[in-house]
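A short worksheet on the structure shown next.
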Amino acid sequence: MSRTTDVVVLGAGVAGLSTALGLAATRGVLVLDAGAGSTPWAQGGIATAFGADDPQAHAADTMIAGAGACDADAVRVLVEEGPQRVAELIALGGRLDHTANGEFARTLEGGHHFARIVHAGGDATGAEVARALRAAAVAAGVEIIATSASGLLRASDGTVTGVLTIDGERIGARAVVLATGGLGYVYRASTNPAVVRGDGLALALRAGAALMDMEFVQFHPTALFTGAPGEIQEGQLPLVSEAVRGAGAVLVDAAGNRIMAGRHPLEDLAPRDIVAREIDAVMTRDGASHVFLDARSVGDFARRFPTVAAACAQIGVDPATQPIPVAPAEHFLCGGVRVDHRGATDVPGLYAVGEVAATGVHGANRLASNSLLEGMVFGRRLAAELTLQLPFDTASPTQEPQAVALGEDEDPQAVRAIMTRYAGIRREGNSLAAALDQLDELGEGPLATVARAVVASAAERAESRGCHWRSDFAQTLPNGGRHHVVVRLDENGRPEVEKTLKSA
């Protein structure tokens, strides 16, 4: 063993750093930073309940967006503990935007019935959260090293006892925390950077942990379309924040007709799954590669949304005078590694937090700006758990643990093409079966493994719910708010899926 510590955290985003900060005073903690993940790219803000009645209203909006698949207890934890976590962020030096009279500047986003989104730098909230948390972690003595995990170390009884890094270092730990984010790179186009590959999900499966709700992959309605007409988008796409629609922008087709008018009571601010499907339907109808977001009515656009304005300028669009070309792109995994409300998986020694984890708080579709909040809330809860439950000494295992390695994908681009074609916004049973057959020919690498988990779960859920839409099962079943669990990998690396009776 190269070295040992109390806790190793895989990931230096909002969830990983929130966990590490909560442990810094009582535990030895080491953070592995694989590179800038999704946190710095988050634009809109942090959904935060204001006033005595707003936690209940925030919970209601979250449950509605989650389409009957949310865990009500997890939602309660999120909305009740969220304001304290935001207060702590400010105490750590987080600089949130204020109005001229000194109050927090709050915006409205999709699925919310009240303006409760606090933000930083107009539309650069994630970057400010990442900056503040990292600075605080370093000041608290948290060691952050630039590397990533290539495997987990596991004792003979299955307990996870550390990690193997890509540099070949073996780090022993009493607890390993997955904070690796989602699976954006599994698709050809995503708002996530390429480092977000689903590795934490694959590591969990390799170690014997269960995944939950993997069919619920959220596509953000308004990623900036940066290509030529008819071109298939590729790589990380700039996000056009939902707050732009909250400020009055509307979605239109090429002829200028409003897309969301009359389609939902909240129209352009409907939950993301509904807006993304409507855009996809218009694109299919018109044979178009994108639609438009008309923000010309939004005053002082460049000041209010400097990140979006800069991205638009890169493709020669001025949002003050021209509609913005947009199209849906993969954005967020609502499921993940099955955990309890304090981050424990069903494998001893292994924990998960943030987007990689499935607490049930998002259900079938995440409410806008609940992601940064989730990372802060459940990161601190996990830190409390590890502070109370782990002994203060770091013991070495009696036998040398075995490494459970990720391996490599045979053809990552083929995996991404299959997922984009068959497991996107619209799905169908025969196509999902074809996707599984094609993925089975691509080996047992991490990308293919995670892709199989998504497709197998999507094939099993014979209904449409939230961001999982089946053209052959368009109805939402009255008792369908049950969770699918990828129980284990078989000897061929294929996920086995079962239905549980845990309902919302």
Side-chain angles (χ1 to χ4, degrees), residues 63-72 182-183 186-187 198 201 205 210-219 264 270-281 284 328 330-338 358-366 415 418-440 448-490 492-504:
M63 299 281 281
I64 291 169
C70 293
D71 182 309
L183 45 63
V186 172
Y187 290 84
L201 299 161
L205 278 175
L211 307 186
M212 184 174 84
D213 293 347
M214 290 295 291
E215 66 271 32
F216 297 130
V217 179
Q218 184 181 82
F219 288 76
H264 187 275
R272 288 175 176 173
D273 62 309
I274 295 170
V275 180
R277 281 197 300 277
E278 292 295 336
I279 292 174
D280 183 74
T284 300
E330 191 283 333
H331 183 60
F332 191 88
L333 174 64
C334 297
V337 184
R338 183 174 61 181
T359 61
V361 73
H362 302 305
N365 178 57
R366 176 173 68 78
V415 173
I418 291 167
M419 292 298 289
T420 300
R421 180 178 180 183
Y422 295 124
I425 293 174
R426 296 173 183 269
R427 302 160 177 181
E428 186 271 332
N430 291 332
S431 296
L432 292 169
L436 281 175
D437 288 341
Q438 293 177 33
L439 289 169
D440 281 345
T449 296
V450 172
R452 288 191 195 100
V454 173
V455 175
S457 296
E460 186 67 28
R461 184 175 285 278
E463 65 160 353
S464 292
R465 181 178 296 273
C467 52
H468 168 69
W469 197 90
R470 289 277 299 263
S471 61
D472 51 345
F473 292 103
Q475 73 278 16
T476 299
L477 300 179
N479 63 344
R482 58 182 59 167
H483 299 296
H484 292 171
V485 179
V486 179
V487 180
R488 62 184 176 88
L489 297 179
D490 65 18
N492 297 315
R494 295 187 61 173
E496 295 181 342
V497 181
E498 70 173 17
K499 289 182 179 179
T500 71
L501 298 179
K502 179 182 178 184
S503 60

message: Using the rule given for side chain to side chain contact (heavy atoms under 4.5 Å, CB included), can you reason through Arg366 versus His331, listing the C-alpha separation, both sets of side-chain angles and the distance that settles it, and then say yes or no?
response: CA-CA 10 Å; Arg366 176 173 68 78; His331 183 60; 3.3 Å; yes
query: Taking it one step at a time, do Leu439 and Tyr422 satisfy side chain to side chain contact (heavy atoms under 4.5 Å, CB included)?
result: CA-CA 11 Å; Leu439 289 169; Tyr422 295 124; over 6 Å; no
- request: Any chance you could lay out the side chain to side chain contact (heavy atoms under 4.5 Å, CB included) test for Leu205 and Leu201, step after step, and finish with the verdict?
  value: CA-CA 6 Å; Leu205 278 175; Leu201 299 161; 5.9 Å; no
- request: Apply side chain to side chain contact (heavy atoms under 4.5 Å, CB included) to Met214 and Leu183, showing your working.
  value: CA-CA 10 Å; Met214 290 295 291; Leu183 45 63; 4.1 Å; yes
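Closest approach of Ala67 and Gly466 over heavy atoms only: CB-N, 3.7 Å. Pairing each heavy atom of Gly66 with each of Cys70, the nearest pair is CA-SG, 3.6 Å. The two residues Ala276 and Ile425 have their closest heavy-atom pair at O-CD1, 4.0 Å. Between Met63 and Ala72, the closest heavy-atom pair is CE-CB, 3.9 Å. When all heavy atoms are compared, the tightest approach of Phe219 to Pro328 is CB-CB, 4.5 Å. Nearest heavy-atom pair across Val497 and His484 is CG1-CB, 4.1 Å.
For Ile64, the side chain to side chain contact (heavy atoms under 4.5 Å, CB included) criterion is met by no residue, not counting sequence neighbours. Every salt bridge (Lys or Arg N to Asp or Glu O under 4.0 Å) that Arg272 has, sequence neighbours left out, goes to Glu242. Among residues two or more places apart in sequence or in another chain, the ring-ring contact (aromatic ring centres under 6.0 Å, His included) test is passed with His468 by none. In this structure, the side-chain hydrogen bond (donor to acceptor under 3.5 Å, both in side chains) partners of Asn365, at least two apart in sequence or on a different chain, are Gln218, Asp273. Scored by the salt bridge (Lys or Arg N to Asp or Glu O under 4.0 Å) test, Asp440 finds Arg452, Arg494 as partners (sequence neighbours excluded). Contacts of Glu463 classified as side-chain hydrogen bond (donor to acceptor under 3.5 Å, both in side chains), with partners at least two apart in sequence or in another chain: Arg461, Arg465.
Atom CG of Asp472 is separated from atom CG of Leu432 by 7.5 Å, given to the nearest 0.5 angstrom.
Looking at heavy atoms from C-beta onward, Asp280 lies out of side-chain contact with Trp469 at the 4.5 angstrom threshold.
For Ser457 (side chain) and Asp213 (main-chain N/O), no donor-acceptor pair under 3.5 Å exists by modelled atom type. Remark: the backbone N or O of Asn430 is paired with a side-chain donor or acceptor of Glu428 at under 3.5 angstrom. When atom types are taken as modelled, the side chain of Arg427 and the backbone of Ser464 share no donor-acceptor pair closer than 3.5 angstrom.
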